Amino acid sequence: MITTRRIEKSVANGAATTWIVRAIDLDIRSGEFVSIMGPSGAGKSTLLHILGLHDADWRGEYVLCGEPVHALNRAKRAELQKDRI
């Protein structure tokens with residue numbers, strides 16, 4: 001149902017890069033219950049925004065219900081979000 005490979009999000013911080021989430025691999029099958037845990041600032045909410053198709057500013061591969069989210073344009077992502085999320 002959800003597969004991600006090397007999902008990453010970062011922000012430029014002057015000459016440096018600050019990683020929000022880095023190299024996230026997930027395989028979640030239909031019917032599975034998953035909990036995302038970590039300390040404050042670990043990127044949990046950011047990851048959920050990516051998975052919920054609210055955030056499009058990330059790198060990596062994301063497949064949702066067989067659809068390659070990473071290859072879809074903005075309109076197709078919005079359509080997928082309305083249909084599946």
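Residue numbers start at 1 and run along the sequence shown. This one's a predicted model, so the numbers in the text were calculated from it and none came from an experiment.
In this structure, H70 NE2 and T4 OG1 are separated by 11.0 Å, a value rounded to the nearest 0.5 Å. Atom CG of residue L53 and atom CZ of residue R74 lie 12.5 Å apart, to the nearest 0.5 angstrom.
Side-chain atoms of N73 come within 3.5 Å of backbone N or O of K76 as a donor-acceptor pair. Between the D25 side chain and the R6 main chain, a donor and an acceptor come within less than 3.5 Å of each other. Although no hydrogens or angles enter the test, the distance criterion places a donor-acceptor pair under 3.5 Å between the side chain of E32 and the main chain of R29.
At least one side-chain heavy atom of L47 sits under 4.5 Å from a side-chain heavy atom of I24. Between K44 and I36 the shortest side-chain heavy-atom distance falls below 4.5 Å. Two residues are said to be in side-chain contact when any heavy atoms from C-beta on lie closer than 4.5 Å; I2 and V63 fail this criterion. At least one side-chain heavy atom of Q81 sits under 4.5 Å from a side-chain heavy atom of H54. W58 places none of its side-chain heavy atoms less than 4.5 Å from the side chain of E8. Taking 4.5 Å as the limit, every side-chain heavy atom of V11 sits out of range of all side-chain heavy atoms of T17.
Nearest heavy-atom pair across L51 and Y62 is O-OH, 2.6 Å.
Residues V21 and I28 fall within the same hydrophobic cluster, defined by Ile, Leu, Val, Met, Phe, Trp and Tyr side chains chained together at heavy-atom separations under 4.5 Å. Clustering ILVMFWY residues whenever any of their side-chain heavy atoms sit less than 4.5 angstrom apart, transitively, puts I85 in the very cluster that holds I50.
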For side-chain contact (heavy atoms from CB on, under 4.5 Å), just list the numbers for L64 and L80, CA-CA rounded to whole Å, side-chain angles, deciding distance to a tenth of an Å, and then say yes or no. CA-CA 9 Å; L64 174 62; L80 181 62; 4.1 Å; yes

Would D27 and R5 count as a salt bridge (Lys or Arg N to Asp or Glu O under 4.0 Å) here? Give the steps. CA-CA 9 Å; D27 289 300; R5 294 292 173 261; 2.9 Å; yes

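In this structure, a donor-acceptor pair under 3.5 Å is absent between the side chains of S10 and R22.
Using a 4.0 Å cut-off between a side-chain N of Lys or Arg and a carboxylate O of Asp or Glu, R77 and E79 do not qualify as a salt bridge. Remark: D57 engages K9 in a salt bridge, criterion side-chain N to carboxylate O under 4.0 Å.
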